[in-house]
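Being a predicted model, the structure only gives us computed values, none of them experimental. Throughout, residue positions are numbered sequentially from 1 according to the sequence presented. As a basis for the values below, the full set of heavy atoms in this structure was taken, side chains included, without hydrogen atoms, waters or symmetry mates.
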Amino acid sequence: MASSKRKVGEARLEKEELDLFVSAPPDDGDDGDDSDSDESVYSGLEEEPSSSEEQEDDGSSDNEEHGTEESPTISGPPADGTTGTAGTSSMERLDNRPQQQQPDEYDFDSSDEEDIRNTVGNIPMEWYNDYPHIGYNLDGKQIMKPAKGDELDEFLNKMDNPDYWRTVKDNTTGQDVTLTDEELDIIQQIQTGKYPDKAYNPYEPYIDFFTHEKMIHPVTNRPRDKRSFIPSLIEKEKVSKLVHAIKMGWIKPRKARDDEPKYYDIWENDNQYTPDKRYQTHIPAPKLKLPGHEESYNPPPEYLPSEEEILAWNQADPEDRRRAFLSQKYDALRKVPAYAGFVKERFERCLDLYLCPRQRKMRANVTAEDLIPKLPKPRDLQPFPTTLSIVYEGHTDMVRCISVEPTGQWLVSGSDDETLRFWEVATGRCQKVLQLGGRVRSVAWCPNASVCLVAAVVDSTVLIVNPCLGDKLVYHSTDNLLNTYEAPEDLETKLPVEWEAAEGKQYDMGIRLRITHPKTIRQVTWHGKGDYFAVVMPDGGNMSVLIHQLTKRRSQNPFRKSKGLVQCVLFHPIRPFLFVATQRYIRVYNLLKQELTKKLMANCKWVSSMAVHPGGDNLIIGSYDSRLSWFDMDLSTKPYQTLRHHKRALRQVCYHKKYPLFASASDDGTVIICHGMVYSDLLQNPLIVPVKILRGHKITQNLGALDCQFHPTEPWVFSSGADTTVRLYT
């Protein structure tokens with residue numbers, strides 16, 4: 001309704017303008033002049049706003065479409081020639097006014113159904129990495145990430161798509177966008193350091209709007225500000241501050257420049273002595289010792305030598321005499337004769353000053369606190385064993401070796417009383433005792449939790465024992481595994497090692513296999529998977545180290561000749577490496593490549609024990625000269641750190657499999673627990689801090705703690721000693 005009223009009003013306004021043209025009085029001049037004058041007088045018609053014209057056109061189009069309203073017609077008297085000419089030219093001028101061309105609404109699709117513009121704003125798109133969508137569109141709906149192909153799809157797209165090289169990914173929508181030629185030109189312009197638009201001319205002629213010529217009128221003609229002729233208070237405050245600073249001496253005025261030439265005497269200092277560097281760094285000679293009472297002409301009686309001292313001084317060589325003279329007593333100074341050795345002593349003094357070199361020593365003022373490394377407090381490094389909880393008693397002689405079951409429920413100990421005892425860790429009760437008929441020198445529980453086997457060394461024999469403890473299914477399956485072995489027909493071994501299956505009474509005791517060796521065995525150790533185990537025979541010569549395979553009952557000698565007296569061996573927990581420790585060196589062999597990988601120098605007299613970190617890159621060794629050395633095998637072949645906390649020989653060292661702890665047992669009867677943190681960052685060195693000294697074992701026959709082992713899951717440590725006990729610290 002409002003639009004129809006507006007259109008009617010515009011039509012009336014146009015009718016009034018046309019009436020003015022029709023009723024205009026004619027002049028005496030000719031028609032051409034009249035028409036020109038009319039156009040010049042009523043030239044305001046050209047200044048009509050374009051909006052009214054557009055509204056007229058819109059109105060007319062609406063009328064045509066709907067047919068409900070008609071535009072008003074202009075009625076008037078018939079015009080004569082003059083009036084008609086003027087009216088006709090005016091109407092033509094109105095009809096021929098330039099009209100703005102309206103765009104066709106069907107030339108482009110204005111619907112936003114396919115508009116996937118992301119409305120999340122200027123935020124890091126990495127926030128949407130873990131979500132299936134990448135943002136939200138204008139309707140607030142999630143924009144799902146497009147399907148992402150693998151490398152094969154990427155390769156096929158690269159081969160088949162000719163526009164692959166100009167396709168980029170839009171990070172806001174995840175879609176692939178193909179760049180046009182104009183966009184590529186802009187990128188190329190930017191890469192070459194030019195303007196993005198090729199049509200832009202940076203060297204267009206400069207138009208100097210404000211020339212140097214003096215114009216008649218000023219650029220601005222506004223009146224002067226009031227502050228231009230009133231003193232400024234801010235400037236007054238600044239000046240007062242500067243005056244105060246000059247009075248206080250904070251700001252010193254510049255000295256007047258003296259432009260007069262300066263003359264000086266270049267030979268003024270010729271007669272003055274100027275010490276050079278050699279004399280400036282002069283080191284004074286050491287002063288002589290001042291004379292004492294023994295050099296006095298009237299010394300006290302206690303300084304006078306006796307006859308025996310005089311005789312001994314005369315018989316001694318001059319180099320062996322404590323003093324070069326004998327004290328004598330005179331009544332008066334005038335009776336003192338000339339000193340016979342004066343000239344000789346002066347000459348030797350001159351030789352000392354002339355020939356003996358001297359150097360200046362700079363002493364550093366260092367306090368004792370600065371020399372002690374700053375280590376964390378032990379209470380910040382918990383948990384670690386601190387108190388004695390259980391004492392396992394039952395052996396009648398020294399307990400040389402202990403081993404813990406992989407689950408931590410059972411403990412086995414071997415002693416010189418020729419028995420092998422199995423203990424329950426939680427209660428301290430002895431579950432089983434085996435009489436083996438010889439000293440048990442080493443014992444090791446199989447690390448494979450699916451079998452229940454213990455390897456025990458008795459003199460020159462290795463016994464494979466099934467203790468039949470714990471889960472029945474486990475130790476029954478262990479017996480079935482051992483009974484399924486069938487000896488091959490063409491089995492020939494060059495080694496003097498015999499595999500025998502136990503029978504009768506020994507089988508009832510739990511012994512399953514006997515492996516007999518030619519020499520006394522010192523140590524037995526298992527591989528991490530539980531099928532291989534190695535033994536050490538220090539007196540075996542080139543057979544010092546032998547490796548046995550349990551399932552195939554096969555033995556092999558990895559070395560052709562011995563490179564020293566082997567003390568102990570260990571398997572690497574992860575890699576196929578074998579650590580062999582002799583008296584002063586630790587050699588690391590690669591079992592697959594059958595070559596020497598690394599040789600570590602122990603820097604000790606005699607290696608006694610060795611342990612490998614669960615990560616495999618660090619190693620600790622104990623020695624009989626009371627040292628514990630930590631090796632970082634990625635860092636150097638020499639010890640990273642050496643600890644000397646024990647007072648006697650170290651018998652055993654061990655790592656914890658779960659916690660950053662390692663322990664050492666010594667003949668002084670103590671077990672020292674240390675915190676050893678190994679970092680994954682190769683640039684950060686291991687942190688080694690001693691945290692606790694565990695005491696309890698009594699020294700018997702100059703022997704203290706002989707073995708120590710950590711619990712596999714808890715921060716507990718077991719230790720065995722020469723006092724026939726096994727102790728648990730928690």
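Partners of His656 according to the ring-ring contact (aromatic ring centres under 6.0 Å, His included) rule, which considers only residues two or more places apart in sequence or in another chain, are Tyr659, Phe710. In this structure, Tyr585 has no ring-ring contact (aromatic ring centres under 6.0 Å, His included) partners at least two apart in sequence or on a different chain. For the ring-ring contact (aromatic ring centres under 6.0 Å, His included) test, residues two or more places apart in sequence or in another chain that qualify with His517 are His548. By the side-chain contact (heavy atoms from CB on, under 4.5 Å) test, Thr367 pairs with Glu369, Asp370, sequence neighbours left out. With sequence neighbours left out, the salt bridge (charged side-chain N to carboxylate O under 4.0 Å, His left out) criterion links Asp668 to no other residue. Residues meeting the side chain to side chain donor-acceptor pair (under 3.5 Å) test with Gln652, sequence neighbours left out: Asp707. Partners of Phe155 by ring-ring contact (aromatic ring centres under 6.0 Å, His included), not counting sequence neighbours: none found.
Residue pairs meeting the salt bridge (charged side-chain N to carboxylate O under 4.0 Å, His left out) criterion with at least one member in residues 556-579, sequence neighbours excluded, are Arg575-Asp617. Screening residues 637-660 for salt bridge (charged side-chain N to carboxylate O under 4.0 Å, His left out) gives Arg651-Asp667 as the qualifying pairs, with residues at least two apart or on separate chains. Within the structure, no pair that satisfies the salt bridge (charged side-chain N to carboxylate O under 4.0 Å, His left out) test touches residues 679-702, not counting sequence neighbours. Listed by first and then second residue, the side chain to side chain donor-acceptor pair (under 3.5 Å) pairs involving residues 455-471 are Asn466-Asp479 (not counting sequence neighbours). Sorted by first and then second residue, the side chain to side chain donor-acceptor pair (under 3.5 Å) pairs involving residues 381-395 (not counting sequence neighbours) are Ser389-Thr730, His395-Ser413, His395-Asp417, His395-Thr419.
For the residue pair Leu661 and Pro383, the shortest heavy atom distance occurs at CD1-O, 3.7 Å. Nearest heavy atom pair, residue Pro614 against residue Ile574, reads O-CD1, 3.8 Å. The two atoms that bring Gly721 and His697 nearest to each other are N-CE1, 3.5 Å, heavy atoms only. Contact detail for Trp445 and Pro406: the closest heavy-atom pair is CD1-CD, 3.8 Å. Closest of all the heavy-atom pairs between Val607 and Ala602 is CG2-CB, 3.9 Å. Among all heavy-atom pairs drawn from Ala426 and Ile390, the shortest one is O-CD1, 3.6 Å.
Of the possible donor and acceptor atoms, one in the side chain of Ser608 sits under 3.5 Å from a partner among the backbone N and O of Gly622. Judged by distance alone, the side chain of Arg512 and the main-chain N or O of Leu482 form no donor-acceptor pair under 3.5 Å. Proximity of a side-chain donor or acceptor of Asp531 to a complementary backbone N or O of Thr551 within less than 3.5 Å is detected. Between the side chain of Tyr640 and the backbone N or O of Pro686, at least one donor-acceptor pair lies under 3.5 Å. A distance-only check finds no donor-acceptor pair linking the side chain of Gln549 to the backbone of Ile547 [under 3.5 Å]. Judged by distance alone, the side chain of Thr478 and the main-chain N or O of Val451 form no donor-acceptor pair under 3.5 Å. One N or O on the side chain of His711 and one on the backbone of Gly408 form a donor-acceptor pair closer than 3.5 Å. A side-chain donor-acceptor contact under 3.5 Å links Arg727 to the backbone of Gly696. Side-chain atoms of Ser544 never come within 3.5 Å of backbone atoms of Val566 as a donor-acceptor pair (strictly under, hydrogens ignored). A donor-acceptor pair under 3.5 Å is absent between the side-chain atoms of Glu595 and the main chain of Asn590, judged by distance alone.
Residues Val440 and Arg400 are not in side-chain contact: their nearest non-hydrogen atoms beyond the backbone lie 4.5 Å or more apart. At least one side-chain heavy atom of Val612 sits under 4.5 Å from a side-chain heavy atom of Pro573. Within the 4.5 Å cutoff, side-chain heavy atoms of Pro376 are placed close to those of Leu687. In this structure, Met537 and Leu546 have side chains that are in contact, with non-hydrogen atoms separated by less than 4.5 Å. By the 4.5 Å heavy-atom criterion applied to side chains, Arg522 and Gln567 are counted as neighbours.
Interatomic distance, Asp634 CG to Asn618 CG, rounded to the nearest 0.5 Å: 7.5 Å. Remark: Leu381 CG to Met677 CE distance equals 8.5 Å, nearest 0.5 Å. To the nearest 0.5 Å, the span separating CH2 on Trp499 from OH on Tyr485 amounts to 8.5 Å. Atoms SG and CD1, from Cys446 and Ile464 in turn, are 8.5 Å apart once rounded to the nearest 0.5 Å. A distance of 8.0 Å separates OG in Ser623 from CG in Leu628, rounded to the nearest 0.5 Å. For the atom pair Phe631 CZ and Lys598 NZ, the distance stands at 11.0 Å (nearest 0.5 Å).
Aromatic ring pairs are classed by plane angle as parallel below 30°, tilted from 30° to 60° and perpendicular above 60°; the pair Trp526 and Phe533 is tilted.
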Leu388/Leu694 under side chain to side chain contact (heavy atoms under 4.5 Å, CB included): CA gap, chis, key distance, verdict: CA-CA 8 Å; Leu388 176 63; Leu694 302 176; over 6 Å; no
Check against side chain to side chain contact (heavy atoms under 4.5 Å, CB included), Arg514 and Leu463: CA-CA 5 Å; Arg514 293 175 59 90; Leu463 302 178; 3.5 Å; yes
Residue pair Tyr729, Ile673: steps toward the side chain to side chain contact (heavy atoms under 4.5 Å, CB included) verdict: CA-CA 11 Å; Tyr729 298 91; Ile673 308 298; over 6 Å; no
Steps toward side chain to side chain contact (heavy atoms under 4.5 Å, CB included) verdict (Trp423, Gln431): CA-CA 6 Å; Trp423 312 84; Gln431 292 290 110; over 6 Å; no
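Aromatic rings of Phe571 and Tyr532 (six-membered ring for Trp) have centroids beyond the 6.0 Å cut-off, not under it.
Considering Asn448, Leu513, Leu481 in turn, Leu513 is the only one that fulfils the side chain to side chain contact (heavy atoms under 4.5 Å, CB included) rule with Leu550. Checked options Cys708, Ser629, Ser664; the residue passing with Val653 is Ser664 (criterion: side chain to side chain contact (heavy atoms under 4.5 Å, CB included)).
Heavy atoms from other residues, nucleotides or ligands lying under 6.0 Å from CD of Glu151 number 12 at most. Atom NZ of Lys432 has more than 12 neighbouring heavy atoms from other residues, nucleotides or ligands inside a 6.0 Å radius. No more than 12 heavy atoms of other residues, nucleotides or ligands lie within 6.0 Å of CD in Gln701, so this atom counts as exposed by the packing criterion.
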